[in-house]
*Asks:* 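So that we are looking at the same thing, I have put the structure below in structure tokens.
What's counted below: heavy atoms across the whole structure, side chains too, no hydrogens, waters or symmetry copies. Quick note on labels: first sequence line is chain A, next is B, and so on, each numbered from 1.
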2 protein chains.
Amino acid sequence: MQHSAFIGRTSKVLRSYFPILEWGAKYTGKTFGNDMIVALIVTMMLIPQSLAYAILAGLPPEVGLYASMAPLLLYAIFGSSRALAVGPVAVASLMTAAAAGQIASQGTPEYLGGAIALAMVSGLLLLAMGFLKLGFLANFLSHPVIAGFITASGLQIAAGQLSPVLGIHAEGESFLDIVISLSRTIGHIHTATAAIGIGSLVFLFWVRSGLKPLLIRFGMSAKISDILVKIGPVIAIITTILIVAGLGLADKGVRIVGKVPGGLPKIAIPPLDMALWIKIIIPALLISIVGYVESISVALTLAAKKRQRVDPDQELIALGAANIGSAISGGFPVTGGFARSVVNFDAGAETPAAGAFTAAGIALTTMFLTPLLFFLPNATLAATIIVAVLSLVNFSALKHAWSFSKADFAAMAVTILITLIEGIEPGLIAGVALSIVLHLYSTSRPHIAIVGQIPGTTHFRNVKRYTVVTDPEILSLRIDESLFFPNARFIEEYINMEVSSNPDIRNVILECPAVNAIDLSALESLEAINLRLKDGGITFHLSEVKGPVMDSLKRSHFLEKLTGKVHLTQFNAVSSINPGLAQQTLNSQQAPIPGSTE
Amino acid sequence: MQHSAFIGRTSKVLRSYFPILEWGAKYTGKTFGNDMIVALIVTMMLIPQSLAYAILAGLPPEVGLYASMAPLLLYAIFGSSRALAVGPVAVASLMTAAAAGQIASQGTPEYLGGAIALAMVSGLLLLAMGFLKLGFLANFLSHPVIAGFITASGLQIAAGQLSPVLGIHAEGESFLDIVISLSRTIGHIHTATAAIGIGSLVFLFWVRSGLKPLLIRFGMSAKISDILVKIGPVIAIITTILIVAGLGLADKGVRIVGKVPGGLPKIAIPPLDMALWIKIIIPALLISIVGYVESISVALTLAAKKRQRVDPDQELIALGAANIGSAISGGFPVTGGFARSVVNFDAGAETPAAGAFTAAGIALTTMFLTPLLFFLPNATLAATIIVAVLSLVNFSALKHAWSFSKADFAAMAVTILITLIEGIEPGLIAGVALSIVLHLYSTSRPHIAIVGQIPGTTHFRNVKRYTVVTDPEILSLRIDESLFFPNARFIEEYINMEVSSNPDIRNVILECPAVNAIDLSALESLEAINLRLKDGGITFHLSEVKGPVMDSLKRSHFLEKLTGKVHLTQFNAVSSINPGLAQQTLNSQQAPIPGSTE
């Protein structure tokens, strides 16, 4: 009995760390056939993306293929989402380029080593966050900051890829740098390259906007049309390879991918270089968190469609494993991608096995098809990147934020501006810092209402909004916020101000129905308020204190020192001080109650 | 009419920026006599402190006197507290030494220039915070962090002053460094110095603990005894000057203050050296905030005794002016000191004029009495510092924090440890960072209760604590926290978990009586939850939404997209979905209601 219970528990723990045990046990031949078809589609979508994002990260194209094999396999084993597809993505590739660029110049072995180390450290950080349940750290990245960051990164990536599309030279660490650089070289466009690049761009934009309606008009289902649209880049690649090869454009200055080493990546644990790891720990942390936030959001959205469970801690572990896998097989940081996961889901991926089969598809490509990529023009890959990232750029979010909250707007606008001007790391760090400062600011001035009794009732409401009865000797304050360090001092100051300007006050009652928690700073502020009021000959009371807050107060000596009492209700509090007035107000004519509950 | 209203308004604004206009108008001859006596007492207390803290900051002793004149005068003009006494204090002096030590070595003109620049930048930052209403930035310094920091700083100061007390050489940037350094030189104690130093220490400790009861036994009032105790250091100084001069101990290796330049300080605006200012901006900000937090707390405590108003923004301006005044007259950073303010208050200071007269007293000392300080032994000053700072060391706060909240304990313990081991700036920064992380952590996992209807009532309570009726098709969740970015993702994940494990659910109701505010991140999470539930065939409702939160929601498109409705009460929400069950539960036998309101 006990023994089988032990086995049951062990098996449950095992299944929670290895979700593959859960779905693997129910795997059938039909699911297999289905997953194979999905894998074929996703492979066709991933090959151009893998090559393009490797080049975006400043790495040789084959590194993109390496980063699309082991991570998919490992996510299939550890991931809790059934449809998430992991691999190189645009923003993480840009962040990799920025971080590795601080280690060495592009093209050097140290640069590649830096990118691999980023994947390794990123993976270890994600694993640690998963095991230590530190996923909450991702909360530092508020929605406005991540939205602003992605919009600005998208612009920077698009601007950067204009240079291969037009065959000119431009570079820089931020959007602004790149635009300045572009403005200097824009006169030296390479005609043949630009023809291929702009042609690819026009074709890919048409595939996005024009092809789908056409396919639907020809009777194709919306879902299948969507999938076909997503493999549009493959058509652009095949066509431009044929053009370049046929017209001998490589000899006329069109830059091509050239020889891509075939064969599977060598498996090697990256050297433990502590000096390097410490240098990249902040960028690796930023890459991890940005990647995790995007990934979990995609996973939750897709899981909801089939009411499947996504385990946030397990996702950290799975992404950690995927990144370590990427590093060990010579790849760079990866995460769950939105577009590819949607294609995976829409194509009907039933289990993570589809991801494993996709990995196999990419492995076959790497082994046998790389010679075909020789004449692939860089301009085509750059065009696929531009089309992909421009969908990330969303300035309407700014308008939305402005109408909702000026603080959220400020966080988003500052993130966008600093990212565009200073680059991605300063932009992200400034955005995070500002959103924390604004959050503390907003909680530092909580809404405090002076309340009085509504005639004919035992209810107390804001004196500014209701006709209420008050006693000049009693100051009743309702605080609409939890009490913690961001607002502790404000309450001290507020009470000092009220008491110093109303010499009649003999009692202060703090009504706490909205106080969900209290920390040590606030407790010490309450103690200071109690002592100061006592020095001024004023009694201090609390009312409507919630259970968890009362439990906290009981763990301190505050209740022993409190000059007044803790009352169950505000009416009880006022009745205990001036029973006559409270009762008289209760019995008096009730004023018409406004509809609002304030 | 309009004209006089304008004058009235102008005069009110003027009085708010120049509190001196308020109390100056009512100044009488009696108040003058009173303030003069207070000034005499405080001057006697401040002279040893000013000299000692200048030496603690690594500066010549006269700089301490300079820092005690202009700041007192300027605070008298701008300060809103009637009793606060500003000048050099222990912790700010230590922070000055740490920051200036990063600019140059002690004794160089660059070091002095660095200390003056710290006062200048600190003053400008405080002024800016006052005018821009940025006082909330001081909230970043939670009580546990400031308490831990002051305890650790006190230990570091005391350890550092052991070397002049014993006549040995020891130095270091942290308590740990100093202790290691002391352990190496402890064998080389200079006997005559140690006799004076330890003698002063014993005397000063006795003054603190033994003298007061003795004076009271001889019929002196407690208040006057307290004041006499505070000027004990003057007695130690006079005695040891006489001993050193009489026995010619200076020639026998006892280190003395030596020639202190007499005369008033030269007034000079510090050079605008942007490179230097940027280098010291972080230490200057830390000094400003630590100083402000201590100062405002003292001001509020003393104001309460006479129900006087303290204006936090005006205090920032007054401390800013005091620091700029200190810089211009060749001094270093100052703030409101606890002990001197209490003496000032207890001696009966009625207006800030007492501070101005104290400044005059120190000016007279600087002009005429500095030759008397020639034989003052450094050991005596060090002893006065040790006695003063040991009262700052308070490890019982750790025990208090432990029993109240583990998070607050962790913030305090980490601040103490890192300050002791790494030094004051790393300690303070680590403490602030950790308390923000812990705060976000605690709000990142808000209390969420699944609720059900209590039979016989329209009330809904936690299913874990009450016998309640629930409908398997309805998931009712009450969230006990405002909705903002630290917890937005948690709620998404919580709902994903519940919905994926209960296939019967057709409706989710979020009960929001404790939601005081909502930010853009949380709004977007609600939108995502709404869409995901819709994909899963589930309707999403809200209930008991407060007015301000409803106003926020109305500024977005959320309410148009919401699949369900916003209900006034949770009972209304459930009734609209399953009227039969809600009504039947209401009519059924009421269960005995437990006393707790949960």
*Asks:* Which distance, rounded to the nearest 0.5 Å, do you find between the CG of B:L523 and the CG of A:D408?
*Replies:* 9.0 Å

*Asks:* Go through B:T301 and A:R532 one step at a time and tell me if the side-chain hydrogen bond (donor to acceptor under 3.5 Å, both in side chains) criterion holds.
*Replies:* CA-CA 6 Å; B:T301 299; A:R532 289 175 194 155; 3.3 Å; yes

*Asks:* Give, as side chain, backbone, both or neither, the part of B:A138 having an atom under 4.5 angstrom from any heavy atom of chain A.
*Replies:*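 Both backbone and side chain.
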
*Asks:* Looking at chain A, which one of B:M550, B:H400, B:K306, B:K534 has the largest number of heavy-atom pairs inside 4.5 Å, strictly under?
*Replies:* B:H400

*Asks:* Quick one: of B:V293, B:L141, B:L531, who has the most non-hydrogen atom pairs under 4.5 Å with chain A?
*Replies:* B:V293

*Asks:* Quick check for you: among A:S442, A:A528, A:S435, which has the greatest number of heavy-atom pairs under 4.5 Å with chain B?
*Replies:* A:S435

*Asks:* Report which part of B:Y441 has an atom under 4.5 Å of a heavy atom belonging to chain A: side chain, backbone, both, or neither.
*Replies:* both

*Asks:* Atom CG of B:N496 and atom CD1 of B:I491: how far apart are they, to the nearest 0.5 Å?
*Replies:*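 B:N496 atom CG to B:I491 atom CD1 measures 13.5 Å (nearest 0.5 Å).
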
*Asks:* Output the distance between atom CG (A:D504) and atom CG (A:L475), rounded to the nearest 0.5 Å.
*Replies:*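 The CG atom of A:D504 sits 11.5 Å away from the CG atom of A:L475.
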
*Asks:* Any donor-acceptor pair under 3.5 Å linking the side-chain atoms of B:H567 with those of B:N572?
*Replies:*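 No, B:H567 and B:N572 have no side-chain donor paired with an acceptor closer than 3.5 Å.
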
*Asks:* So, using side-chain hydrogen bond (donor to acceptor under 3.5 Å, both in side chains) as the criterion, who are the partners of B:N516 when residues are at least two apart?
*Replies:* B:K546

*Asks:* To the nearest 0.5 Å, what is the distance between CG (A:N487) and CD1 (A:I448)?
*Replies:*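 With rounding to 0.5 Å, CG (A:N487) is 8.0 Å from CD1 (A:I448).
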
*Asks:* Given heavy-atom pairs under 4.5 angstrom as the criterion, report whether the side chain, backbone, both or neither of B:L302 touches chain A.
*Replies:*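 When you check distances to chain A, no heavy atom of B:L302 falls under 4.5 Å.
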
*Asks:* Enter the distance from B:L438:CG to B:F409:CZ here, rounded to the nearest 0.5 Å.
*Replies:*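 Reported to 0.5 Å precision, the distance equals 12.0 Å.
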
*Asks:* Below 4.5 Å from any heavy atom of chain A, which atoms of B:Q308 appear? Answer side chain, backbone, both or neither.
*Replies:*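 Only the backbone of B:Q308 comes within 4.5 Å of chain A.
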
*Asks:* Is chain A contacted by the side chain of B:I296, its backbone, both, or neither, given a heavy-atom distance below 4.5 Å?
*Replies:* side chain

*Asks:* Report the option among A:S142, A:G537, A:A522, A:P446 that has the most heavy-atom pairs separated by less than 4.5 Å from atoms of chain B.
*Replies:* A:S142

*Asks:* Answer with side chain, backbone, both or neither: which region of A:L134 has an atom nearer than 4.5 Å to a non-hydrogen atom of chain B?
*Replies:*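 Contact with chain B is absent: no heavy atom of A:L134 under 4.5 Å.
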
*Asks:* Side chain from CB out, backbone as N, CA, C, O: work out which of these in A:F404 comes under 4.5 Å of a heavy atom of chain B, or both, or neither.
*Replies:*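 Both backbone and side chain of A:F404 come within 4.5 Å of chain B.
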
*Asks:* Heavy-atom distances under 4.5 Å only: say whether A:N502 touches chain B with side chain, backbone, both or neither.
*Replies:* backbone

*Asks:* A quick test of your reading: do over 12 heavy atoms of other residues, nucleotides or ligands sit less than 6.0 Å from OH of B:Y494?
*Replies:*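 More than 12 within 6.0 Å, yes.
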
*Asks:* Please determine, among A:S556, A:S405, A:S552, A:S525, the option with the most heavy-atom pairs under 4.5 Å with chain B.
*Replies:*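 Heavy-atom pairs under 4.5 Å are most numerous for A:S552.
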
*Asks:* Considering only heavy atoms, which portion of A:V437 lies under 4.5 Å from any heavy atom of chain B: side chain, backbone, both, or neither?
*Replies:* both

*Asks:* With respect to chain A, which residue among B:G536, B:A517, B:A303 yields the maximal number of heavy-atom pairs within a distance under 4.5 Å?
*Replies:* B:G536

*Asks:* Please identify, among B:M412, B:E492, B:E524, the residue contributing the most non-hydrogen atom pairs under 4.5 Å to chain A.
*Replies:*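 Greatest number of close heavy-atom pairs with chain A: B:E524.
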
*Asks:* Could you work out, with ring-ring contact (aromatic ring centres under 6.0 Å, His included) as the rule, every residue matching A:F140, not counting sequence neighbours?
*Replies:*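 Scan of A:F140 (ring-ring contact (aromatic ring centres under 6.0 Å, His included), adjacent residues dropped) gives none.
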
*Asks:* Is it the backbone or the side chain of B:V515 that comes under 4.5 Å from a heavy atom of chain A, or both, or neither?
*Replies:* neither

*Asks:* Heavy-atom distances under 4.5 Å only: say whether B:P503 touches chain A with side chain, backbone, both or neither.
*Replies:* backbone

*Asks:* Quick one: does any side-chain atom of B:E294 pair with a main-chain N or O of B:F338 as donor and acceptor, under 3.5 Å?
*Replies:*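 It does not hold such a pair.
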
*Asks:* How long is the span from the NE2 atom in B:H439 to the OG atom in A:S482, to the nearest 0.5 Å?
*Replies:* 9.0 Å

*Asks:* Under 4.5 Å from any heavy atom of chain A, what part of B:S297 do you find: side chain, backbone, both or neither?
*Replies:* both

